[in-house]
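First up is the structure itself, then whatever we jot down about it.
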Amino acid sequence: MSLIAVEQVIRGSRSVARLRAPSETAKVAVPTEWREAGSSEAHSVMASTIFLHPAPKGEFVPNIVIQYFDFDSHETLSLSSIATDKDIASLYRSVVFGHHVSDDGLLSVDEGAFNHEGLTLAVRRVHHTYPLQSASRSGLTVITSTAPIKEWKALEPDISTIELNVLSRKGRWGSVTTP
């Protein structure tokens, strides 16, 4: 899934965005059934880290993809003027259920569903922007959670817990540059 809306803003601001990965000391705690994919697997799909939930062989694997970006701009992106729901709307046979912006434009949450190989998947994408400790840099965390729609309700408490754990870091993820 792409970052259509945010990519447009980054291009317009002429900032350089760097995908970052959490250091070993800054790993996110996740519920026990979830496992972290390897860093090389995550980086190969432009993610900082990926969490996977067990699924029967051959079935869609529920996942949470986390992307940490930092920018060479001191201005924190305001999400209130970005149609972040375009990311979900661009998917095959998609429906956007909700688009919410809060925290003075620093947090957006988009929810919807789309079709993937005949399977209806639920998706939630959270964008969070924030200033970094360095006065000349800002950050963006994007959390994309995807699961079969029939399993979403059962997995949502775990997904929400992981989202809160990630969002509480606000850039304090001990980043290392991705390869």
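Across Leu52 and Ala37, no two heavy atoms sit closer than the pair CD1-CB, 4.1 Å. Here the closest non-hydrogen pair linking Pro148 and Leu119 is CG-CD2, 4.3 Å. Smallest separation of non-hydrogen atoms from Ala113 and Ile149: CB-CD1, 4.1 Å. The two atoms that bring Pro157 and Ala154 nearest to each other are CD-O, 3.5 Å, heavy atoms only. In this structure, Ser145 and Ile64 approach most closely via the heavy-atom pair OG-CG1, 3.7 Å. For the pair Asn115 and Glu117, the tightest heavy-atom approach, listed with the atom from each and the gap, is OD1-N, 3.9 Å.
Between the CG atom of Leu106 and the CG atom of Leu167 there is a distance of 11.5 Å, given to the nearest 0.5 Å. Rounding to the nearest 0.5 Å places CZ of Phe60 at 6.0 Å from NE2 of His116. Note that CD1 of Ile50 is 5.5 Å distant from CD of Glu41, once rounded to the nearest 0.5 Å. Separation of atoms NE2 (His99) and CG (Leu79) is listed at 8.5 Å; rounding is to 0.5 Å. Distance check: Leu140 CG to Arg20 CZ gives 13.5 Å after rounding to the nearest 0.5 Å.
Within the structure, every pair that satisfies the salt bridge (Lys or Arg N to Asp or Glu O under 4.0 Å) test and touches residues 151-167, not counting sequence neighbours, is listed here: Arg124-Glu156, Arg124-Glu163.
With hydrogens and angles ignored, the 3.5 Å screen pairs no side-chain donor or acceptor of Asn165 with any backbone N or O of Val28. In this structure, Ser94 contributes its side chain and Ile88 its backbone to a donor-acceptor pair below 3.5 Å.
Side-chain contact between Leu19 and Met46: present, with at least one pair of heavy atoms (C-beta onward) separated by less than 4.5 Å. Counting heavy atoms from C-beta on, the side chains of Phe114 and Thr120 never come closer than 4.5 Å. Side-chain contact check for Leu121 versus Trp152: every heavy-atom pair is 4.5 Å or farther apart. Counting heavy atoms from C-beta on, the side chains of Tyr130 and Thr141 come closer than 4.5 Å.
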Legend entry - Residue pair Glu59, Lys57: steps toward the side chain to side chain contact (heavy atoms under 4.5 Å, CB included) verdict: CA-CA 6 Å; Glu59 290 191 22; Lys57 189 173 178 102; over 6 Å; no
Inset, instruction - Output, in order, the C-alpha distance, side-chain angles, deciding distance and verdict of side chain to side chain contact (heavy atoms under 4.5 Å, CB included) for Val96 and Lys86. - result: CA-CA 9 Å; Val96 176; Lys86 283 184 181 179; over 6 Å; no
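Hydrophobic clustering, with ILVMFWY side chains joined whenever heavy atoms are under 4.5 angstrom apart, groups Val109 together with Leu155. Note on Val45 and Val61: same hydrophobic cluster, where clusters join Ile, Leu, Val, Met, Phe, Trp and Tyr whose side-chain heavy atoms are under 4.5 Å apart, directly or indirectly. There is a path of hydrophobic side-chain contacts, each under 4.5 Å, that joins Leu107 to Ile66. A continuous path of hydrophobic side-chain contacts links Ile162 to Val126 [ILVMFWY only; heavy atoms under 4.5 Å].
Ion pair Arg125/Asp110 not flagged as a salt bridge, since none of the NZ, NE, NH1 or NH2 atoms sits closer than 4.0 Å to an Asp/Glu carboxylate oxygen.
Residues Thr49 and Tyr68 bring no donor and acceptor atom of their side chains to less than 3.5 Å of each other. Using a 3.5 Å distance cut-off with no hydrogens or angles, the side chains of Ser108 and His127 do pair a donor with an acceptor.
Between Phe69 and Phe71, the angle of the ring planes stays under 30°, which puts this pair in the parallel group of the 30/60° scheme.
Applying the side-chain hydrogen bond (donor to acceptor under 3.5 Å, both in side chains) criterion to Glu33, with sequence neighbours excluded, gives His53.
Test Val65, Ile159, Val166 against Ile143 for side chain to side chain contact (heavy atoms under 4.5 Å, CB included) and you get one pass: Val166.
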